[in-house]
**Student:** 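After the structure tokens below, expect a handful of questions from me.
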Amino acid sequence: MKTYTPMIQQYLKIKAEVPDAFLFFRLGDFYEMFFDDALRAARELEITLTARDGGVEEKIPMCGVPHHSASGYIEQLIEKGFKVAICEQTEDPKLTKGVVKREIVQMITPGTVMESKSLLEKENHYLAAITGFKDGSFSIAYLDLTTGESKVTMIETAIEAVNELVNIKPREVVLAPDEDPLIEKGLKERNIHSLSSMESCHREASFDSVLKELKQEKLVISMCRLLHYVSSTQKRSLDHLQAASSYQIDSYLRMDPNSKRNLELSETIRGNGKKGSLVWLLDETMTAMGARMLRRWIDRPLVKTKQINERLSIVQGLMDSYFERESLRESLKEVYDLERLAGRVAFGNVSPRDLVQLKKSLQQVPVIKETLREMDHAESVELAQTLDPCTELLAILESSIMEQPPLTIKEGNFIKDGFNDDLDQFRDASRNGKTWIAELEQKERKKTGIRSLKIGYNRIFGYYIEITKANLGALQDGMYERRQTLTNAERFITPELKEKEELILQAQERSIELEYRLFLEIRETVKKEIPRLQKLALEISRLDVLQCFATISENRHYVRPSFNTERKIDIIDGRHPVVEKVMDAQEYVPNDCEMNPDCEMLLITGPNMSGKSTYMRQVALTAILAQIGCYVPAAQANLPIFDRIFTRIGAADDLVSGQSTFMVEMLEAQHAIANATQDSLILFDEIGRGTSTYDGMALAQAIIEHVHNHIGAKTLFSTHYHELVDLSHQLHSLTNVHVAAAEQDGHVVFLHKIKQGPADKSYGIHVAQLADLPDTLINRANELLAGFEAVPNPKKETVIKEEQEIGQLSLFKEPKNKKGKKINSVQHEILKLNVLEMTPLEALNELYRVQKVAKNLVEK
Ligand code: ADP
Ligand code: MG
């Protein structure tokens, strides 16, 4: 190090504190980066790389961004998952000799950004921490720094812990340096890459307000780790963090991340976008806080009938009162994001405009209360009582901040007249002074007879009298003091003018200072009210989500579900909420679903595209809607309370994940089988599809038998293995249903109607026909089908026969390569394979088949 210049030495020392972050090193008006940081930043931010002398022979790579436009660059880096450390000069360079002191004043990381375009207003922005214990259990803590919400939970296994983290969707996860590598691996596999390390997890007095409700030591440890991380990165007030509350994952309807994805709760499988998801359908919220709560509710449906019915009753009340609901919606529209406003107050980056938003929001509370009372519905009256209008705070805000304050607080002019006596006096002085000056202009014009004489102001010379050159002759000598000469005018001052000027400027300066002080006082007052504001924010969010449920339920003709404890599903004329909405012109065909302890399983058959998957999902979505307290798309619905929902899709349907799909399919099936109870709902959609026919069919059957005999969960199993329908003879609580299709003039017409009994045909060829495959090909397929159907125990023999034929066929045909040279049939078979698209099992099957061809060749 000894040859580096002192500044570079300082840089290296500070950089060593934050090896995993970009160090933004303040040098005058720039933030500079050096060495590797510079090389990487130049690439990531597309800025120019330069070099600088650093005392050693080789120049040091360097790049920088102007400090006033740094936020955009920081945002870019954060969005890419990087961290940024801001290092400022902490002494005045003018007053120091040698190298100015510098310090890291803040770390910005993906989980701790407070302001950024990536901060979506309708989504929470969580930072999580996890700690593993010797007994194999884990505690997870997470918080949203922008809203102050914080939660903790205990999890029993590593897999569940990773699942729970994926459910929380944190922007960043904090781990102990020696955490079980399984966790890191699991998170990375699930695309959570922003991981940070924090060793400290001891309790500190400053954490007490967050920790006060936590009883279990293990929970405290993760929360402390998280808080240590936050305070080491933010280096400022965490006053707005709410007391952490603990929850248990099984006090909610549990769904693992894949099930949620398959049900397209918050984004669609294909587009990964929100459009087409359940959140998209439901979101009739009027506030950003409500939208965030809606997502949280969809992520965690309830399992206690009482709680569910509480929500449903309010929804019902809101359904019954159309006009009040509409005026509620109007009022909610005026309510700003109280949660994030409170966060900004605590962080100290709140502006006068934010306070005006706060005021406007609070002004709506009495209106909302009145509307709720007018509804005259037991629950809504109760709700009206709980809403806290924060009257004193509102009074302060109303009397203090102007309606349309400027963006910055540096120039003053945002505190109302009459709020503070001193301020009023300063303002009077400056206003009087200005009137005096305006009068002076008139006076001097008269005195000199120069009508174009004017009084102006600039920062350097202050107030002056300006006279054009043409008029200079009219001036008497010594009348004014000359100050400045312009091309076609002269500027003058008088002692009187300067005196007034001083008074005005002083008054202005003082009032700016005073306004700033008053602003800080008001901010402190608001800060003290943060817990009340947060409570109010939660109540308003809840009201917003419930009115959203009422609105959507009325618009889309949903009904209030009822619940039973006899494990019965009784849905009449149920619909798929999203498919129904996106099908504009066509009619959605409603379907019933009846299941009870005598019928635990439905085996659903029917042609491709007939509506099997849609039907299964509509049952699951109906259950979820009911358990979040919303009405459901049906004519009538009576449901059990489900503890878990599992959704598994046969790999062939799952085009996106790009993983070894059959393995995933089996892992997921395993997960469902290992965790389902008789109160669970399982959807198995074409399970066994990702492998060869017999394999798949055998697995499907074994899975059905297992679930039927050992678990007893309500299960919907769709399959294209027609052979499985015979299982209903052996398995007493399995029922065959099918999606009806009709044949008209040799074409299939999908009726989308669920009917009792198995489907009688698979209609695959007709679907191929609909897809416009060539007629000759369709005819050939029909011919083959007739052939297969004529053989007893058809498929197995057919396939075996097929394999032998292929071997022989190839021999007769003597395949050739492109140049017309003969190749043997084994070579031909191998060349035909599309290796990159095969699953391992397919590959094995193919190998087996090709080996047979080879044997044939040898024996011949
Ligand atoms: P499958 O799983 O049997 O191949 P899907 O459930 O994917 O079929 O349904 C295919 C298409 O049929 C859906 O995209 C939808 O447009 C339509 N569909 C499904 N169910 C219905 C219904 N009940 N009413 C109207 N259209 C439906
Ligand atoms: Mg399907």
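Each ligand, and each atom within it, is numbered from 1 in the order the structure gives. All residue numbers refer to positions in the sequence shown, counting from 1.
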**Student:** For salt bridge (Lys or Arg N to Asp or Glu O under 4.0 Å), just list the numbers for Glu160 and Arg254, CA-CA rounded to whole Å, side-chain angles, deciding distance to a tenth of an Å, and then say yes or no.
**Tutor:** CA-CA 11 Å; Glu160 296 281 358; Arg254 290 176 63 182; 2.6 Å; yes
**Student:** Using a 3.5 Å cut-off on N or O atoms only, is Tyr615 in polar contact with ligand 1?
**Tutor:** no
**Student:** Any non-hydrogen atom of Gly606 lying under 4.0 Å from ligand 1?
**Tutor:** no
**Student:** Run the numbers for me: atoms of ligand 1, each under 4.0 Å from some heavy atom of Met583, listed by number.
**Tutor:** 25 (C), 26 (N)
**Student:** Given side chains that start at C-beta, do those of Phe563 and Ile308 come closer than 4.5 Å, heavy atoms only?
**Tutor:**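 Heavy-atom side-chain distance check passes, below 4.5 Å.
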**Student:** Under a 4.0 angstrom heavy-atom cut-off, which atoms of ligand 1 come close to Gly611?
**Tutor:** 1 (P), 3 (O), 5 (P), 6 (O), 8 (O), 9 (O), 19 (C), 20 (N)
**Student:** Do Arg292 and Trp297 form a cation-pi contact, if we require the NZ or CZ to be under 6.0 Å from the six-membered ring centre and within 45 degrees of the ring's axis?
**Tutor:**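 Because its charged atom misses either the 6.0 Å distance or the 45° angle limit, Arg292 does not stack over Trp297.
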**Student:** Quick one: does Val589 get an N or O within less than 3.5 Å of an N or O on ligand 1?
**Tutor:**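 It does: an N or O of Val589 is found under 3.5 Å from an N or O of ligand 1.
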**Student:** If you measure from each heavy atom of Ser718 to ligand 1, is any distance below 4.0 Å?
**Tutor:** no
**Student:** Identify, by atom number and element, the atoms of ligand 1 in contact range of Pro607, meaning under 4.0 Å from any of its heavy atoms.
**Tutor:**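 Near Pro607, the atoms of ligand 1 are 3 (O).
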**Student:** Check ligand 1 against Asn608 and write out every atom of the ligand that is under 4.0 Å from a heavy-atom position of the residue.
**Tutor:**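 Result: 4 (O).
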**Student:** Confirm or rule out an N/O/S atom of Met609, from backbone or side chain, lying less than 2.8 Å from the Mg ion (ligand 2).
**Tutor:**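 Within the cut-off used here (under 2.8 Å), Met609 places no N, O or S atom near the Mg ion (ligand 2).
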**Student:** Quick one: does Glu587 get an N or O within less than 3.5 Å of an N or O on ligand 1?
**Tutor:**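 Glu587 vs ligand 1: no N/O contact under 3.5 Å.
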